[in-house]
Amino acid sequence: MAGTSASPAREAAGVMQVSPLAVSIEGRRRLLRDTPAALILIAPVIVLFALAVVYPLVETIRLSFWDIQGLRKPSFIGFGNYVRLFSDAAFRSTLLTTLIFTIGTTVISVSIGWALAMTCAFAPRQTLPFRVMIFAAFGISEAVSGYMWIGIYRADAGGLLNSLIQLFGFSGFSHAWLGDANTALWALIIAASWSGVGLPLMLIFAAIQAIPKSVLEAAYMDGAKPLSTMRHIMMPLSMPGVRVAVFINLLGALRAFDIIYILTGGGPVRSTETVGYFMYRESMTQFKLGYGAAATVILLLAVLIVSIPAIIQRTAGAK
């Protein structure tokens, strides 16, 4: 009886030892069997991605090594366009303007969105219409937003901002906000930040809603005031949403073009010209395609530098 009862046990043990290898082999066979079908399904996406992204990117990098001006015969100049870019005072000024615009819009929009998200978290249902209205601004195109802000910043009495200034008796502060090089960039930053508040608000609000209710209830039972709860609990635990909001807003600010084109056209005296608008001016109005392509590559490198930390973080989190 002992011998007969031990045999099934040994057979079961043998099955347990062999099964992982058998499963692995079967998994590989299934993968090889399903690969052709998977490739057929994703082939249209790969082709579209190659045509819409990879080819323009490679072609832009190639053009940046050529001197192409109008109908003149192109000539290969290697890194000549890049040397010329960084010796160009206008481009160096553009880099500084891009830095100020990017940091300014990101800090303003994320800070306001963060503050509103923590405030709305105390009354989620009551503030739902308020959050929807703010997020709706994020869906408005930059062109429409730009024309709206033109009406606000108009230098004459028809401008909303100057009208309010005069209404409250401060006529001496009326100003051509977009026509003065000292105020145009900051007026542009405020206009661009307005539509950028909605996304940080929703991302950070979602992160706050993910905080365990027991943590907030414990703070309330310990007598924590709303400001203390916001500072010591909600702010630290909402950082994942803040990081995503900062990343998205940085990329959006680096690529900004429409609102600059509508509001200032890079002026006055190129005081609001970012790298993206510099690229457009040199390529499309001055017909210096190689020079504009080099500026595009610089912008691409800036976007990659901003993106790499987020990619590394997400990859580490996946592992």
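Across every non-hydrogen atom of Val269 and Ala181, the tightest pair is CG2-CB, 4.0 Å. In terms of heavy-atom proximity, Thr105 sits nearest to Phe101 at OG1-O, 2.8 Å. The two atoms that bring Gly159 and Ser163 nearest to each other are O-OG, 2.7 Å, heavy atoms only.
Side-chain atoms of Ser145 do not come within 3.5 Å of backbone N or O of Ser141 as any donor-acceptor pair. Side-chain atoms of Ser271 come within 3.5 Å of backbone N or O of Pro268 as a donor-acceptor pair. At least one donor-acceptor pair closer than 3.5 Å links the side chain of Arg131 to the backbone N or O of Pro124. Remark: the backbone N or O of Ile103 is not paired with any side-chain donor or acceptor of Thr106 at under 3.5 angstrom. Under a 3.5 Å cut-off, the side chain of Tyr153 and the backbone N or O of Ala187 do form a donor-acceptor pair. Side-chain atoms of Thr102 do not come within 3.5 Å of backbone N or O of Leu99 as any donor-acceptor pair. Between the side chain of Thr183 and the backbone N or O of Trp177, at least one donor-acceptor pair lies under 3.5 Å. Between the Ser238 side chain and the Met235 main chain, a donor and an acceptor come within less than 3.5 Å of each other.
The shortest side-chain heavy-atom distance between Val58 and Tyr55 does not fall under the 4.5 Å cut-off. Side-chain contact between Ile189 and Leu185 is present, with heavy atoms from C-beta onward closer than 4.5 Å. Taking the side chain as every heavy atom from C-beta outward, Ser228 and Lys225 approach each other to under 4.5 Å. When side chains are defined from C-beta on, Arg154 does not count as touching Asn162, because their heavy atoms never get closer than 4.5 Å. Within the 4.5 Å cutoff, the side chain of Asp88 has heavy atoms near those of the Phe278 side chain. Residues Ile134 and Trp194 fail the side-chain proximity criterion, which asks for heavy atoms closer than 4.5 Å. Looking at heavy atoms from C-beta onward, Tyr82 lies in side-chain contact with Ile298 at the 4.5 angstrom threshold. Two residues are said to be in side-chain contact when any heavy atoms from C-beta on lie closer than 4.5 Å; Ser283 and Leu289 meet this criterion.
Screening residues 106-141 for ring pair (Phe, Tyr, Trp, His ring centres under 6.0 Å), with sequence neighbours left out, gives Phe135-Phe138. Pairs of residues two or more places apart, or lying in two chains, never qualify as ring pair (Phe, Tyr, Trp, His ring centres under 6.0 Å) while including a residue from residues 216-255.
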> What's the verdict on side-chain contact (heavy atoms from CB on, under 4.5 Å) for Gln166 and Ser174, showing C-alpha distance, side-chain angles and the deciding distance?
Replying inline: CA-CA 7 Å; Gln166 294 176 10; Ser174 296; 3.4 Å; yes
> For Val197 and Ser109, what are the C-alpha separation, side-chain angles and deciding distance, and is it a side-chain contact (heavy atoms from CB on, under 4.5 Å)?
Replying inline: CA-CA 5 Å; Val197 171; Ser109 58; 4.2 Å; yes
>> Applying side-chain contact (heavy atoms from CB on, under 4.5 Å) to Lys288 and Ile68, what does each step give before you reach the verdict?
In response: CA-CA 6 Å; Lys288 301 175 183 177; Ile68 306 174; over 6 Å; no
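Linking ILVMFWY side-chain heavy atoms closer than 4.5 Å, directly or via other members, places Met279 and Phe91 in two distinct hydrophobic clusters. Tracing side-chain contacts under 4.5 Å through hydrophobic residues (I, L, V, M, F, W, Y), one never reaches Phe65 starting from Ile77; they form parts of separate clusters. At a threshold of 4.5 Å between side-chain heavy atoms, the hydrophobic network of Ile, Leu, Val, Met, Phe, Trp and Tyr places Phe49 and Leu300 in two separate groups. Under a hydrophobic-cluster definition in which Ile, Leu, Val, Met, Phe, Trp and Tyr are linked whenever side-chain heavy atoms come within less than 4.5 Å, directly or via other members, Met118 and Val215 are assigned to the same cluster. There is no path of hydrophobic side-chain contacts, each under 4.5 Å, that joins Phe287 to Leu85.
Heavy atoms of other residues, nucleotides or ligands lying less than 6.0 angstrom from CE of Met239 number more than 12. Within a 6.0 Å sphere centred on CG of Leu167, other residues, nucleotides and ligands contribute more than 12 heavy atoms. Within 6.0 Å of the CZ atom in Arg62, the count of heavy atoms belonging to other residues, nucleotides or ligands exceeds 12.
A distance of 12.0 Å separates OG1 in Thr274 from CD1 in Ile100, rounded to the nearest 0.5 Å. The CG atom of Leu178 sits 7.5 Å away from the CD1 atom of Ile150 when rounded to the nearest 0.5 Å. Atoms CD1 and CD1, from Ile112 and Ile108 in turn, are 6.5 Å apart once rounded to the nearest 0.5 Å. Separation of atoms CD1 (Ile233) and CG (Leu216) is listed at 6.0 Å; rounding is to 0.5 Å.
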Side-chain donor/acceptor pairs under 3.5 Å, residues 199-212, sequence neighbours excluded:
none

Just distance, no hydrogens or angles: give the donor-acceptor pairs under 3.5 Å from side chains in residues 252-265, sequence neighbours left out.
{"residue": "Arg255", "atom": "NE", "partner": "Leu251", "partner atom": "O", "Å": "3.4"}
{"residue": "Thr264", "atom": "OG1", "partner": "Ile260", "partner atom": "O", "Å": "3.3"}
{"residue": "Thr264", "atom": "OG1", "partner": "Gly266", "partner atom": "N", "Å": "3.3"}
{"residue": "Thr264", "atom": "OG1", "partner": "Thr272", "partner atom": "OG1", "Å": "2.7"}

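Counting only N and O atoms by type, the side chains of Asn81 and Ser64 include no donor and acceptor under 3.5 Å apart.
The salt bridge (charged side-chain N to carboxylate O under 4.0 Å, His left out) test applied to Arg270 returns Glu273, Glu282, not counting sequence neighbours. When the ring pair (Phe, Tyr, Trp, His ring centres under 6.0 Å) test is applied to Phe76, the partners found at least two apart in sequence or on another chain are Trp66.
The aromatic rings of Phe173 and Phe170 sit perpendicular, their planes meeting at an angle over 60°, well past the 30° parallel limit.
Geometrically, Arg84 engages Tyr291 in a cation-pi contact, judged by NZ or CZ lying under 6.0 Å from the ring centre and within 45° of the ring axis.
In this structure, Arg72 pairs ionically with Asp67, as a charged nitrogen and a carboxylate oxygen lie closer than 4.0 Å.
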